[in-house]
Structures are given as C-alpha cells and as structure tokens.
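I have placed the structure first, in the form of structure tokens, so that the comments after it can refer back to it.
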Amino acid sequence: MKIIKHTTTELIIQTHSIFDFLLPSCLFMAFGLISLTFDYHAATLNCQRLHAKQGNCQLVRSNLLGSNTQEIQLAALRGAKVEKCGYKSRVVLLTSVGNVPFTADSTNWGHEDGVASDINFFVKNGKDRLLRLSQDDRWWGWKGGILLLAAVGAIALSNNETYSFDGTLNTLTVKQRGWWVCKVIQHSLCEIYGVEVDRTKDRDNDTWYKIRLLVSGGSRICLPNTMNPYQQAAIAKAINNYLHARAQFMLKLYQFRLYSDRSDTA
C-alpha cells in the first residue's frame with residue numbers, strides 16, 4: 001500500500017498499482033514461452049550400422065510445440081559425454097563437426113551416465129547393428145505451461161483497492177477494481193473516529209499487520225494486511241493525522257457558526 005495523495009482536504013491510499021502485477025506477469029510469460037518454444041523435453045536417437053563405420057543416426061527432439069529431426073552420419077559420431085552444470089546434467093553427442101545436445105537438462109545423473117555409456121559402447125563395438133535410445137521428460141514441459149498460467153492468473157486475479165478520504169464531501173470512498181470485480185462503497189467520515197494497527201500470526205508463525213478504521217457502533221473497516229510494519233505504521237499515522245486535522249477543522253467550523261448565530265441573534 002502507498003499514499004498517492006495527501007492534502008488538507010483529501011487523502012488517497014492505493015493498495016496496488018497495475019505495474020505491481022504487470023512486470024512479474026510479463027516475466028512469467030516470457031520464461032514460459034521460452035520454455036515451451038526452445039526446451040526439448042523428449043528425444044529419440046536411432047542408429048543403424050550397415051558396416052563397421054557406415055550407417056546413419058537420426059536424432060529426433062520434440063517439445064510441446066513440435067519436433068526437430070537431425071541426421072548424423074555414423075562415421076562422424078565419436079561418442080557421448082555427460083555435461084554437468086550445477087545440479088543439472090545432459091547427454092551430448094560428440095561428432096566430428098561439434099557437439100550435439102541429445103537429452104534436455106535433467107537432475108537424474110544416474111540415468112544420464114547410463115545413456116552416454118550405451119552410446120559409447122555402440123560406437124566402439126562394430127558388431128552392434130542397431131541402437132535405440134529415448135528420453136521422455138515431457139512432464140517437465142509443464143513448467144512453461146505453469147509459468148504461463150501463473151502470469152495469466154496474476155493478471156486476471158489482480159485487485160486494486162483505493163481508499164479516498166474526502167473532507168469536502170465528508171465521505172470515505174472505497175473502490176475495488178479488477179478483471180472480475182468493480183465495486184464502490186461509501187462511508188461517512190463522521191462515523192470514523194480513529195485508526196489502529198492489528199498484529200496477527202499465521203500458521204507459519206509469520207506476523208501480519210492490518211490497519212483497521214474505527215467506526216461508530218463498534219464496527220471496523222479493514223484495509224489489506226501486509227508483513228511490513230513500517231509501511232502500515234506510516235499509513236496509519238497519515239490517516240490518524242488526517243482524521244485529527246479534520247476533527248479540529250470541524251470543531252472550529254462549528255464554533256464559528258455558533259458564534260455567527262449568536263451575533264445574528266444579538
């Protein structure tokens with residue numbers, strides 16, 4: 001939450017801005033599209049040997065958007081190795097013209113080592129005629145889909161609340177806006193006499209702070225809670241100062257009118 005306007009007659013507090021959701025949503029969308037477009041989640045290697053060094057291999061890699069086929073001459077295939085980067089690894093085919101990735105990045109190191117060992121054994125053993133290996137990690141492709149859904153959900157479920165204290169109209173207007181909601185609630189400023197910050201803890205023992213406006217009759221108007229005590233304290237102080245200044249103004253106005261009425265009577 002933040003204060004976007006504070007004058008002697010008006011105080012406006014906004015819970016969220018559209019940019020609070022737009023930036024992370026765009027990032028989620030970008031990563032999701034990159035994952036769906038460029039990450040290969042299924043791969044198949046078929047090699048057929050006609051003679052000792054004659055034959056060919058067909059490498060088919062696919063993702064959720066399509067597949068890509070690459071032909072590799074058996075004479076150009078030198079073997080395979082496992083490339084490791086951090087906690088991820090992948091199998092790379094070693095050819096005379098450079099390295100060709102076979103499997104996608106994975107955390108299953110034992111499986112990757114076995115695949116590379118099978119390829120090396122086939123290359124060295126001229127008696128083997130056929131080699132067929134496959135890796136299917138299409139479930140990992142849901143990573144991109146989940147990121148896209150998260151981005152769409154963040155935009156669709158985003159809510160923006162604005163609390164407008166208007167001393168001229170003597171109203172507190174609460175506007176709730178989002179994709180699925182557009183609601184306006186008005187309260188009389190005469191009924192609001194104070195503000196408090198309530199502190200609660202959730203199941204994870206995290207502390208949350210919520211601003212409550214004290215309303216005549218014992219009811220409360222609750223603003224969204226956050227885990228930032230300094231932000232809530234600053235906003236509560238601004239509201240309290242605004243209500244105090246307005247009360248002083250209304251008192252002086254009442255005294256002035258009372259004095260004017262007495263003067264007219266005299």
Side-chain angles (χ1 to χ4, degrees), residues 1-6 10-36 39 85-88 105-107 139-165 172-187 189 191-245:
M1 290 194 299
K2 61 181 180 180
I3 300 173
I4 60 177
K5 187 175 183 180
H6 192 186
E10 192 173 11
L11 173 64
I12 301 178
I13 299 172
Q14 191 178 61
T15 57
H16 296 289
S17 170
I18 186 174
F19 297 103
D20 295 336
F21 301 100
L22 186 60
L23 180 58
S25 297
C26 289
L27 290 177
F28 280 138
M29 284 185 179
F31 288 134
L33 290 174
I34 290 174
S35 177
L36 290 175
D39 288 354
C85 181
Y87 61 91
K88 293 184 178 180
D105 291 338
S106 174
T107 57
W139 63 270
W140 188 245
W142 287 104
K143 173 185 65 176
I146 291 174
L147 290 176
L148 285 177
L149 288 177
V152 174
I155 295 176
L157 299 178
S158 61
N159 253 353
N160 174 35
E161 293 185 356
T162 304
Y163 296 80
S164 301
F165 297 80
L172 166 61
T173 304
V174 182
K175 296 180 180 179
Q176 300 175 350
R177 294 180 179 177
W179 285 92
W180 309 107
V181 61
C182 185
K183 190 175 181 181
V184 178
I185 304 174
Q186 283 193 339
H187 305 273
L189 282 181
E191 300 177 352
I192 303 173
Y193 64 89
V195 60
E196 66 180 9
V197 178
D198 182 50
R199 184 176 64 179
T200 58
K201 290 191 176 183
D202 57 18
R203 294 181 179 179
D204 297 327
N205 206 31
D206 294 325
T207 304
W208 293 83
Y209 300 87
K210 177 183 291 186
I211 294 177
R212 294 181 176 179
L213 302 180
L214 308 179
V215 183
S216 301
S219 59
R220 302 286 190 272
I221 300 175
C222 297
L223 279 67
N225 57 355
T226 70
M227 299 181 68
N228 189 338
Y230 305 104
Q231 179 191 67
Q232 297 293 65
I235 292 177
K237 181 178 180 181
I239 296 175
N240 188 63
N241 291 341
Y242 176 83
L243 294 176
H244 179 72

To the nearest 0.5 Å, atom NZ of Lys175 lies from atom OG1 of Thr162 at 7.0 Å
The reported gap from SG in Cys182 to CD in Gln176 (rounded to nearest 0.5 angstrom) is 9.5 Å
OG1 of Thr15 to CD of Glu161, rounded to nearest 0.5 Å, is 5.0 Å
Spatial distance of atom CD (Glu191) from atom CG (Leu214) [nearest 0.5 Å]:
13.0 Å
Where is the tightest heavy-atom contact between Cys222 and Tyr163, given as atom of each residue plus distance?
O-OH, 3.7 Å
Criterion side-chain contact (heavy atoms from CB on, under 4.5 Å) on Tyr209 and Asp198, from CA distance to verdict:
CA-CA 6 Å; Tyr209 300 87; Asp198 182 50; over 6 Å; no
Once rounded to the nearest 0.5 Å, what's the spacing between atom CG of Leu172 and atom CD1 of Ile221?
5.5 Å
Is Ile239 close to Leu11 at the side-chain level, that is, under 4.5 Å between some pair of heavy atoms?
yes
Minimum side-chain heavy-atom gap Ile3-Tyr242 below 4.5 Å
no
Could you check whether any side-chain heavy atom of Val184 comes within less than 4.5 Å of a side-chain heavy atom of Val174, counting everything from C-beta outward?
no
Do Lys2 and Gln231 have side chains that get closer than 4.5 Å, going by heavy atoms?
no
Nearest 0.5 angstrom please: Glu196 CD to Lys210 NZ, how far?
11.0 Å
Any non-hydrogen side-chain atom of Trp208 less than 4.5 Å from a side-chain atom of Asp202?
yes
Within the 4.5 Å heavy-atom criterion, are Val215 and Arg220 side-chain neighbours or not?
no
For the residue pair Ile235 and Ile13, establish whether any side-chain heavy-atom pair is separated by less than 4.5 Å.
yes
Asn240 side-chain N/O to Ala236 backbone N/O, donor-acceptor pair under 3.5 Å:
no
For Val197, does its backbone N or O pair with a side-chain atom of Arg199 as donor and acceptor, under 3.5 Å?
no
Residues, nucleotides or ligands: over 12 heavy atoms within 6.0 Å of His6 NE2
yes
Close side-chain approach of Ile185 and Thr173, heavy atoms under 4.5 Å:
no
side-chain contact (heavy atoms from CB on, under 4.5 Å) for Leu213 and Leu223? Distances and angles first, verdict last.
CA-CA 8 Å; Leu213 302 180; Leu223 279 67; 4.1 Å; yes
